[in-house]
Number of protein chains: 2
Amino acid sequence: MTQHRSADIDRAGKPVAMRPGIPEKNVPEATVGRLAVYLRALAALREHGVSTVSSEELASAAGVNSAMLRKDLSHLGSYGTRGVGYDVESLTSHIARTLGLTDEHAVAVVGVGNLGRALAGYAGFGARGIRVAALFDADPRQIGEQVGDLVVQSVDDLEFIVAQLTINIAVITTPAGPAQEVCDRLVAAGVTSILNFAPCILNVPAHVDVRKVDLAAELQILSFHEHRKGGLMALSPSAALGLGMVQ
Amino acid sequence: MTQHRSADIDRAGKPVAMRPGIPEKNVPEATVGRLAVYLRALAALREHGVSTVSSEELASAAGVNSAMLRKDLSHLGSYGTRGVGYDVESLTSHIARTLGLTDEHAVAVVGVGNLGRALAGYAGFGARGIRVAALFDADPRQIGEQVGDLVVQSVDDLEFIVAQLTINIAVITTPAGPAQEVCDRLVAAGVTSILNFAPCILNVPAHVDVRKVDLAAELQILSFHEHRKGGLMALSPSAALGLGMVQ
DNA sequence: TAGATTGTTAATCGATTAACAATC
DNA sequence: TAGATTGTTAATCGATTAACAATC
């Protein structure tokens, strides 16, 4: 959540994008998170044969406000045409390039439970720069099993294989227990970006990005909102209707 | 992402917490997201027999700054003791109550692929107010299958069962295609909070909260950060070392 | 040219952080 | 009392939104 932010700043305290040799404009973290969403909306539009789209249309497809969309895109440069809109094709490739999806990223998944399998099989990655290249597990019953195109490898061979395949991005879908050790070993093997599904905080050196997906927390947040709505709706849906809580 | 915010405000434009009859102080959205993390850190401390914890210790266990932790907790009231710290037990229950985890929430999971199964089997929920109470799928091969304690039900029976079990929270782990229809039916059956894993934007009435977990987007965000680090590290790890990028 | 829509500015809002007075 | 640590204030920072001049 907050963790990955630490790596936006290098040891000297300067924002990464300001370092000499990396000239790209600085893209705010919140914007980066939405670029992926725009990319998906653009892909859907392209499939429907749409070749030009206005900020209003694209924003509505992405579930955001059009002012925010234009502001987000302005960080990448000016790729729209006033009075007309954005060219779907060219905007797609500008966003993809900004996200670094023109490079091919090999990803390792550690932990081949249901969650790991879901990620390994996720078609959403394929085409777009991200490819699951290795699966690891500690359970001897899983090792050697075929999952999609890949064979599950022993976590004992993690360092060797990760280094061999020059994997920089890893997904941790182990239980909380082994997660920190797995993380340390991934980092030692050259991984610099981690997506963590294990319900624990990972300690990493400053050059490593960690993003955390916390499934229990997501449901607890919904629980909070239910609680806030709760009283009223549960006791009397019609009262809630009267208060305009229901459409 | 932004979607769930819309439901914080009712039709009259007043923040929910301000409505008469719901006196709790307003807790910022960002704080709510972290309360779940604190709760987990507290559980770990309690297991280690710790009965009192300072904001500094708890913050470090939760991976945040101690000022932020104290600020977050101040929204719940004053449950610490100056010069001493927080009582693990009592802080745990205050946070749990704030999150609405004292009520029992029955959750439906729609889509029993790997992701749905991962959630259905997630032990992290059990004890704490959240219980997966129904599983649905459209695939006849899945219907009737036993998953954990539950039998997979036909999505055709969704309305009846959701209403029957007074389920208010649902998780959508279907492909993007059927997600909106599933969502509409859940809402019609009384669901008011949705956790969406399908890679699409859901349109819901204002009284419904949607949180979105976008796995492809998470990896694309990491791809962006890799890209930013990329050039340097790939060409010359030793140069990167010299720039202080590596510990 | 007239209508449409971008890119940007400025205002607002919310979230984070540091610092410290209150107080155990 | 002296040391420690909370709860809160004020400063800063970043993100969102509305409005509009630029321009296709």
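Residue numbering restarts at 1 for every chain, and letters A, B, ... go by the order of the sequence lines.
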Nearest heavy atoms of A:Thr98 and B:His227, plus distance in Å: O-CD2, 4.0 Å
Any side-chain N or O of A:Tyr79 under 4.0 Å from OP1/OP2 of C:dT5? no
Integer-rounded Å distance: C:dA18 C1' and B:Lys71 NZ: 12 Å
note: B:Leu69, atom CG; D:dT6, atom P; distance rounded to Å ~ 8 Å
Show me, pair by pair, the donor-acceptor contacts under 3.5 angstrom made by side chains of residues 46-53 of chain B, not counting sequence neighbours?
{"unit_1": "B:Arg46", "atom_1": "NH1", "unit_2": "B:Glu89", "atom_2": "OE1", "d": "3.3"}
{"unit_1": "B:Arg46", "atom_1": "NH1", "unit_2": "B:Glu89", "atom_2": "OE2", "d": "2.9"}
{"unit_1": "B:His48", "atom_1": "ND1", "unit_2": "B:Ala44", "atom_2": "O", "d": "2.9"}

List the residues meeting side-chain hydrogen bond (donor to acceptor under 3.5 Å, both in side chains) with B:Arg70, not counting sequence neighbours, and say none if there are none. B:Ser55, B:Ser66
According to side-chain hydrogen bond (donor to acceptor under 3.5 Å, both in side chains), who are the partners of B:Thr31, at least two apart in sequence or on a separate chain? B:Asp72
To the nearest angstrom, how far is B:Asp87 atom CG from C:dC24 atom C1'? 15 Å
Position toward the 5' end of DNA chain D (nearest nucleotide), A:Thr31 or A:Val84: A:Thr31
Below 4.0 angstrom from OP1 or OP2 of C:dT16, is there any side-chain N or O of B:Arg34? yes
Without decimals, in angstroms, what is the distance between B:Arg70 CZ and D:dA4 P? 15 Å
State whether the distance check finds a donor on one side and an acceptor on the other, under 3.5 Å, for side chain B:Arg82 versus base C:dT23. no
For atom CG of B:Asn65 and atom P of D:dA11, their distance in whole Å: 19 Å
Between A:Val171 and A:Val110, does a side-chain contact (heavy atoms from CB on, under 4.5 Å) hold up when you go through it step by step? CA-CA 6 Å; A:Val171 183; A:Val110 187; over 6 Å; no
Using C1' atoms of five pairs at each end, report the bend of the helix from C:dG3-D:dC24 to C:dC24-D:dG3 rounded to 10 degrees. 10°
List in chain and number order the residues that pass side-chain hydrogen bond (donor to acceptor under 3.5 Å, both in side chains) with A:Thr92, two or more places apart in sequence or in another chain; answer none if no residue qualifies. none
Rounded distance (nearest 0.5 Å) linking atom CG of B:Leu219 with atom CG of A:Leu99: 12.0 Å
When A:Pro28 and A:Gly83 are each assigned the nearest nucleotide of DNA chain D, the 5'-most assignment goes to A:Pro28
Over how many whole Å does the gap from A:Met68 atom CE to D:dG14 atom P extend? 18 Å
Could you state the atom-to-atom distance from CD of B:Glu29 to P of D:dA15 in whole Å? 17 Å
Going by atom types only, do B:Ser223 and A:His105 share a side-chain donor-acceptor pair under 3.5 Å? yes
Provide, to the nearest angstrom, the distance between the CG atom belonging to B:Leu73 and the P atom belonging to D:dT6. 9 Å
B:Ala30 vs B:Ala67, nearer the 5' end of DNA chain C by closest nucleotide: B:Ala30
Specify the residues of residues 38-60 of chain A, ordered by number, for which at least one heavy atom lies under 4.0 angstrom from an atom of DNA chain C. A:Ser54, A:Ser55
Within the supplied structure, the quantity of interest is the number of heavy atoms (other residues, nucleotides, ligands) at a distance under 6.0 Å from A:Glu56 CD; does it exceed 12? no
